[in-house]
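The structure appears below as structure tokens.
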Number of protein chains: 2
Amino acid sequence: MDGRTRSVTMREVAQHAGVSSSTVSRALSGSRAMSAEIRDRVLRSAEALGYEVNLLGRALRQQRLDVVGLILPDFSNPFFTALAEQLGAVFREAGFELLVSSAGNDLGIERRAVSSFLGRQIHALVVIPSDEAASRAALDAASRRVPTVQFDRRVADSDAPYVGCDNRIGVELIVRHVREVTPPGEPVVFVGAGTASSSARERREAFAALMPEALILDGSFDVAWGHRAARELLDRGIAGATVVTSADVIALGLQSELQAAGRRVPGDFRVIGFDGVGVADYALPALTTVRQPVEAMSRAILELITRDDPATPAGTVLVAPDLVLGDSSRTASGRAARGR
Amino acid sequence: MDGRTRSVTMREVAQHAGVSSSTVSRALSGSRAMSAEIRDRVLRSAEALGYEVNLLGRALRQQRLDVVGLILPDFSNPFFTALAEQLGAVFREAGFELLVSSAGNDLGIERRAVSSFLGRQIHALVVIPSDEAASRAALDAASRRVPTVQFDRRVADSDAPYVGCDNRIGVELIVRHVREVTPPGEPVVFVGAGTASSSARERREAFAALMPEALILDGSFDVAWGHRAARELLDRGIAGATVVTSADVIALGLQSELQAAGRRVPGDFRVIGFDGVGVADYALPALTTVRQPVEAMSRAILELITRDDPATPAGTVLVAPDLVLGDSSRTASGRAARGR
DNA sequence: TTGAAAGCGCTAACAA
DNA sequence: TTGTTAGCGCTTTCAA
């Protein structure tokens, strides 16, 4: 190693090519017609010196930056990272770069991440709020400066528009399916994730409204709660049921604990998930689940950010999910759909 | 909504407070002693106007930026995102901000991500290469400009130092454990992930050297391969074995497929994973696995980046993993260690 | 078509 | 202790 190379500036390219730096700028950006001879000379010099544009200088001068920031509560939730991946692809296509930052489930870090992105003059900000109440200040601060979209967790009364899955439709799809596959006399159980997040709350409420007769257990969005919920069902002496969960991770834990206890799935229990991205493939038998339309949601976010009109009041975009039938489904189409 | 607010500059704060902009700069950064009266006045003005520093201007002037970039092949691998989370925490403590970008498993995108980070004058770059051969150019280009560390996948002959898990030690821990728990006469099978990635190759080679008698099957780093491998074992008429896998996701798929086929784990088969972060908790019975020391590796990366000395040749830092005993372990300490 | 000059917002060297 | 000035690297007037 011979040490680090200092970065080459336009000035140096200009000197090398014997032109002014504005000519270099124009040659590289192609912003203006110019003699082919000079352009080639400039491009060759840039190449020879290994010139790469300093985006800081450009952004400072242009007063804009084609970067969109994404702040996640953490990187460990597979649904969040699936969104990050998809959002990155959609933005890239539209000429934006996506930079992602984790709030580590900490409000202070989230706030600093917001102001750091704002201080970098990013074009827009997408936030999955860490906390549905306390994240509001940071969200509104961002919203005052750049187009800001909140995703997946809805912060009450925030100025920022919200994009998410239409949980009511998702639950309706599930309920229709549940009525088809549940044998007469067997109970239906809903294993939720509390009421702390808007997604969990909306799913739970929609379910309770449509199937008031169902037993409802509440926990959190993780595998361990699925394990515990399964044991709780068994402890209550339930030997067979259709179990609707509010996330695939819960379904996964529940299903494997039931199997470990010797229960047949889907023979004795039918387990239904929610999300359909990330971990849904892990389950065996394949999970029947509601698939969140991650791509459509990403496009909705792009739309809000590019067609941004600050005069329009903050809106809500709900994108409809669809049902993915797994091995728990008894219909022929279920197995066919999974292609196993 | 009343539209977006233009960002307030130091100049405006200075005018508001009736001082010069350098005084504002000093008051806000606390870089120099100054009269308390003026400082308070400046801080009040900044507060009143809602001033937030423009990091672009600062970075351009200071010629440095306390940001470290991380480029992942994709966001869907739980081990990568676990690293991202931990690395973010370690860097934050050290005064750096971590910004993450996904290469979408595409070399072109990876290259653009590298030059974009370089163009933003980041302090250092951490890359999990998308491809162990083809990523070299991008890695070396970065290395010429800023401290650059490659992680998890080792690119041959790259200038950038490498930080990773000591796979040989991990495999030794596994082999020792396997010899303890495998009943006499039962086979040992290694379910690997090919030779395309250095991690997979190193684990496979270490295992083959230590247990040449074992059957080796090769696939890829995903759950589906675990499912297929399990069926292959059963098709070969193997009714019981200790199965060592090269990643937890493979172990997870293998274990659930064996259970679905009615085999007892750990009664008939013992399944051992590798990674110990992200999805290891999903398994039931709990997986015995090698835990990659994500925090120690993150600190090693920080060390390389801060103590960077370009004159020193690129090095390799291997951090030792440890064994986490799951329910497959027959020793009492196994269950105790997991605390279930 | 090209060059000179200004200036984006900030900080640091230098003067007062 | 505070202000003046210069300049980080770039783009974009404005003039030639």
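All of these numbers come straight from a predicted model, not from anything done at the bench.
Taking atom CD of Q121(A) as the reference point, atom C1' of dC10(C) lies 12 Å away to the nearest angstrom. In this structure, the CG atom of L65(A) is 18 Å from the P atom of dC8(C), given to the nearest Å. Distance, L56(A) CG to dT11(C) P: 13 Å, rounded to whole Å.
For S197(B) and S199(B), the side-chain atoms include no donor-acceptor pair closer than 3.5 Å.
For R26(A) against dG3(C), a side-chain-to-base donor-acceptor contact under 3.5 Å is present.
In the set dG7(C), dG9(C), dT2(C), the nucleotide with an atom closest to the side chain of M34(A) is dT2(C).
The footprint of chain B on DNA chain D, defined by a heavy-atom cutoff below 4.0 Å, extends from dT1(D) to dG9(D).
For the OP1/OP2 pair of dG9(C) and a distance below 4.0 Å, the side-chain nitrogens and oxygens of R58(B) include no atom meeting the criterion. Taking 4.0 angstrom as the limit, Q63(A) places a side-chain polar atom (N or O) nearer than this to OP1 or OP2 of dG9(C).
If you check every strand for non-hydrogen atoms under 4.0 Å, S22(A) touches a base.
Salt-bridge annotation for E295(B) and R299(B): present, with a side-chain N of the basic residue lying under 4.0 Å from a carboxylate O of the acidic one. Under the 4.0 Å criterion applied to side-chain N and carboxylate O atoms, D140(A) and R136(A) are assigned as salt-bridge partners.
Using the six-membered ring where Trp is involved, F151(A) and F79(A) have ring planes that are parallel, under 30° apart on the 30 and 60° scheme.
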